[in-house]
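To keep things clear, I will list the structure first and then write my remarks on it.
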Amino acid sequence: MPPQPLTDEEMTRRLADLPGWQRRGDAIARTFAHTYHECLHLALYVGAKAREVGHHPDIDIRWQRITFSITTHDSGNQLTEKDFELAAHIDRIAQDHGAEPV
Ligand SMILES: C[C@H](O)[C@H](O)[C@H]1CNC2=NC(N)=NC(=O)C2=N1
């Protein structure tokens, strides 16, 4: 059973709990700054958490920037609770590894 998409009201409420994350189309996204090498490490740490929780972000890595973008593919690329749960994990991992919010 795919996760249920959130209502606009629920999305607004969950985004308020995750400062720094923004709606981008059918996903939520956030960008952090770190050295290029540390961004690569961060992608690996987030990848391990993604495997653990069974929910995976799109990751875009550029010089001194890493952007995570999350949507629920099983629900037809709509936002579900799993997206916001993963976003909270990413925030903790990014903070633990010294990434700066952009
Ligand atoms: C079986 C496996 O857990 C599912 O296919 C997971 C994998 N990771 C996923 N990641 C994301 N972002 N959306 C999904 O719907 C999704 N489904």
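In each ligand, atom 1 is the first atom listed, and ligand 1 is the first ligand listed. The first residue of the sequence shown is numbered 1, and numbering continues consecutively from there.
Between the side chains of Glu10 and Thr7, at least one donor N or O sits under 3.5 Å from an acceptor N or O.
Atom CD of Gln95 is surrounded by 12 or fewer heavy atoms from other residues, nucleotides or ligands within 6.0 Å.
Within the 4.0 Å cut-off (strictly below), a protein heavy atom is located near atom 6 (C) of ligand 1.
Side chain of Glu38 to backbone of Thr35: no donor-acceptor contact under 3.5 angstrom is found.
Residue Thr71 places a heavy atom under 4.0 Å from ligand 1.
Checking Gln4, Glu81, His55 one by one against Thr72, the side chain to side chain contact (heavy atoms under 4.5 Å, CB included) holds for a single residue, His55.
When His73, Lys82, Gln78 are ranked by how near their heavy atoms come to atom 14 (C) of ligand 1, first place goes to His73.
Annotation: atom 3 (O) of ligand 1 to nearest protein heavy atom, Gly54 O, 3.7 Å.
Taking distance alone, with nitrogen or oxygen atoms compared against 3.5 Å, His56 approaches ligand 1 more closely than that limit. Taking only nitrogen or oxygen atoms, main chain and side chain alike, Asp74 reaches within less than 3.5 Å of ligand 1.
Salt bridge annotation for Arg14-Asp83: absent, with no cationic side-chain nitrogen under 4.0 angstrom from a carboxylate oxygen.
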